[in-house]
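Below is one structure; the comments refer to it alone.
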Amino acid sequence: MAADQRVATIQRIIVRGNERIEPATVISYLPIQVGETVDPERIDLALKALFRTDLFSDVKIDVEGSGDLIIRVVENPIINRVLFEGNQGLKEDKIRDEVQVRPRGIFTRAKAQADVQRIVELYRRSGRVSANVTSQIIELPQKRVDLIFKIDEGSKSGVLRINFLGNRGFSDNDLRDVVVTKQSSLTKIFSSNTNYDPDRLEYDKEQLRKHYRNRGYYDFRVASAVAELATDKNGFVITYTLDEGPEYKFGKVEVTTELQKLDTNLLKQLVPIREGELYQDEKIEQATDALTFAAGAAGFAFVDVRPRYTANRETKRIDVSFQVNEGPRVYVDRIDVVGNTRTLDYVIRREMNVTEGDAYNRPLVDRSRNQIRALGFFKDVTIEETPGSAPDRTGLQVRVEEQPTGELSFSAGYSSVDQLVLDLGISERNFRGRGQDVRARVSVGSLRQQVDFSFTEPRFLQRDLSAGADAYYYKYDLTDYSAYATTTVGAGLRLNFPLTLNSRGSLRYTLRQDDVEIDDFLCDPTLPIVSLSLCAQRGSFLTSLVGYSYRWDRRNDPINPTRGFYTQVSQDFAGIGGDVNYVRSELEGGWYHGFTKDFILSVTGSSGYIGGWSGDSVRVNDRFYKGGTSFRGFETAGLGPRDTNFGRSDALGGKAYAIGSVELTIPTFVPEQYGIKAAVFSDFGSLGLLDDRDKQTLGGLPDPLIADDFALRATAGLSIFWKSPMGPIRLDFSQVLAKEPYDKTETFRFSTSTRFQ
């Protein structure tokens, strides 16, 4: 604007220099309209408004004497392609996800430079602190450019050594196991934690603090953490300076509350802390959770549990007082579900134990997360609090990461049980995103052939009722184990329902036909080769069975528990119609305790008894058979009663069994991404107690060649689990500690695994 035209009235607005952008679009960004009076301040505002659009690399505005507002623009180019050169240590997809510029976007040098810094930071986090990145543009016709990021990755900056100063309670090697960052070595060539990462350094300081505070060192702090680049720049040396302080024990533990309905003596019994025990932060957290849960169960949705510490430096004791008071009233304002691209919202929401408008209750929120995880549809589930519409309101964001739930498979494999196995199946655990489970499978092996179909509706009649139907055909060739083959055709209905927050019940009905076949020459009346008890089982029998189960589950995680226990009891009654009469009862349970993420102890057990009624004995195909994966160290049906007539060794099964197992997961020192885990175990128990008539000769006398000793069996060994690309694989190496002479044992088993710790 000329000096003598500092104020002018605009008659026209003219845009010049634009190629792609319409003049009307440019004018729409202006804070000036035709007929308005402008001065230098308004011209300056217009310039800033146009530059803020990022559409133009240069803008000039002039006012001519006739009242024309002339806008001259130079457009920023459009990005045609974004290319990366020189990247070998990082995949292009990972870098592309980090940068903000995209093809068909507007190019500005500021955006390109910002993405240069993002790529440098990405390399820094991957341990390449000397990486250098530059941007280059190649101009194309029609105001287009190719944007190229040229990357010089430099050498990877590993961690040469991790030193600790001031540590007396734990050795350097002990503390190196605590931190996530590891020293570079040949044994850790596959680990991604051997590079220097400043962010990981901060995390390691917190890991050290947790380690010491859970072992009595209440005053512990990391005085400094310094990473120094070696003189030859081939790696870093990290030095932690520690101030351990003395070791403390718990002193007096008190619980106080102003809530009249809560009994302080009862609350104190729930606190897992005893005077004289080594001080641990984890015990404080466990006590806080236990008191919060107890108050919530007593009807106090709004409770505030605050531990107060009193440290006595002379006695090295820490007194802890838990103050349980009514907290601020907070209600759930809104529940948002994010991350579910396939699963319908209501499938997730119906697993929530709190709804919009309810009082906020942390234990119920945690329980909701476990229930959503138990669906098996998601890799990860988190529930976070978000700001509500008012101070007494909170939102909940349920974030899920979906995983494949459907499978169409044709596979061939080998196991030490079935030898060659061919399997064709289709299954969908989240049918149409509605949570329904549909399965159909055909499986053929040397031991078994089966065809089965099942359908489960998790919310039958729109209630918390799981209903399902099954139809199946099984054929088991047990001639190598028990001289007979059996064919089963059946169908069933089942119903599962909640009883309390931690327990569920189920009802079921099954109708099936069993055909038991034994070669005639084995049952020749003049000279039978197998026992009469087996020969008497030949023929077809119809079983009509109704049953129920009760399960109480207090584990902290439904998939990989590290705390808690569960127990289940079930009974089945056969004889409501059909040809077979028996009552079968089974009990199982487990207890879990995680010392660390690598050391998890589990103690599990199961027992069962089946007895005939109305004069019936228990048929051979209804008895219990154990061994293989159910009792490691013994072959399938390898322990229990056995027919040893004529040098044979046919398993007869048992009416009763009791089996326990102790298992401890151990570290494999293999990177977690390889999916290899290991556990040491010991299995022990017994199987036996045939009916007397099944142990008699033709003359009605006891048959001395039918062995039935309800004696202790025990094994110990190592199990290796591998989540391989071909599916989960399990290897069991066993040593038998106690057995009977007629049992069938094995030292190695290769099979699939249905559960990983």
[X] vs [Y] side-chain heavy atoms within contact, under 4.5 Å:
X: Gln136; Y: Thr134; result: no
X: Glu202; Y: Glu206; result: no
X: Lys677; Y: Thr665; result: no
X: Val101; Y: Phe107; result: no
X: Tyr218; Y: Arg213; result: yes
X: Ile71; Y: Leu50; result: yes
X: Lys111; Y: Asp54; result: yes
X: Leu147; Y: Asp115; result: no

Problem set entry | Pair Asn76-Thr108, side-chain donor/acceptor within less than 3.5 Å | no
For this session: Please determine, by modelled atom types, if Thr181 and Asp204 share a side-chain donor-acceptor pair under 3.5 angstrom.
Result: yes
Nearest heavy-atom neighbours spanning [X] and [Y]:
X: Phe51; Y: Val59; value: CZ-N, 3.5 Å
X: Ala46; Y: Pro31; value: CA-CD, 3.7 Å
X: Glu139; Y: Val145; value: CA-CG1, 4.0 Å

Under 3.5 Å: donor-acceptor pair, side chain of [X], backbone of [Y]:
X: Glu244; Y: Tyr217; result: no
X: Ser57; Y: Val74; result: yes
X: Asn80; Y: Asp146; result: no
X: Glu19; Y: Glu75; result: no
X: Gln371; Y: Glu351; result: yes
X: Asp39; Y: Glu41; result: yes
X: Lys143; Y: Arg20; result: no

Straight-line distance of [X] [atom1] to [Y] [atom2], nearest 0.5 Å:
X: Asp336; Y: Gln397; atom1: CG; atom2: CD; value: 6.5 Å
X: Asn340; Y: Arg399; atom1: CG; atom2: CZ; value: 10.5 Å
X: Asn214; Y: Asp281; atom1: CG; atom2: CG; value: 5.5 Å
X: Lys150; Y: Ile119; atom1: NZ; atom2: CD1; value: 13.0 Å
X: Ile79; Y: Ile137; atom1: CD1; atom2: CD1; value: 10.0 Å
X: Arg373; Y: Asp380; atom1: CZ; atom2: CG; value: 7.0 Å

Seminar exercise, completed: For Glu36, the salt bridge (Lys or Arg N to Asp or Glu O under 4.0 Å) test, sequence neighbours excluded, returns Arg42
Exercise. Of all residues at least two apart in sequence or in a different chain, which pass the salt bridge (Lys or Arg N to Asp or Glu O under 4.0 Å) check with Asp44?
Worked result: Lys48
For atom [atom1] of [X], is the number of surrounding heavy atoms from other residues, nucleotides or ligands below 6.0 Å larger than 12?
X: Arg81; atom1: CZ; result: no
X: Arg102; atom1: CZ; result: yes
X: Phe595; atom1: CZ; result: yes
X: Arg334; atom1: CZ; result: no
X: Arg12; atom1: CZ; result: no
X: Lys94; atom1: NZ; result: no

For this session: Please assess Asn173 against Arg176 for the test side-chain hydrogen bond (donor to acceptor under 3.5 Å, both in side chains), listing each intermediate value before the final yes or no.
Result: CA-CA 5 Å; Asn173 287 333; Arg176 290 188 187 110; 2.8 Å; yes
For this session: Anything under 30° is parallel, anything over 60° is perpendicular, the rest tilted; go ahead and classify Phe220 against Tyr212.
Result: parallel
Seminar exercise, completed: Which of Asp243, Thr239, Thr241 passes side chain to side chain donor-acceptor pair (under 3.5 Å) with Ser224? It is Thr241
For this session: Identify which one of Leu201, Val226, Asp172 satisfies the side-chain contact (heavy atoms from CB on, under 4.5 Å) criterion when paired with Tyr240.
Result: Leu201
Exercise. Hey, mind stepping through Phe149 and Ile95 against side chain to side chain contact (heavy atoms under 4.5 Å, CB included) and telling me if it holds?
Worked result: CA-CA 10 Å; Phe149 291 100; Ile95 303 175; over 6 Å; no
For this session: For the pair Val63 and Ile43, evaluate side chain to side chain contact (heavy atoms under 4.5 Å, CB included) and give the outcome as yes or no after the intermediate values.
Result: CA-CA 9 Å; Val63 179; Ile43 295 295; 4.2 Å; yes
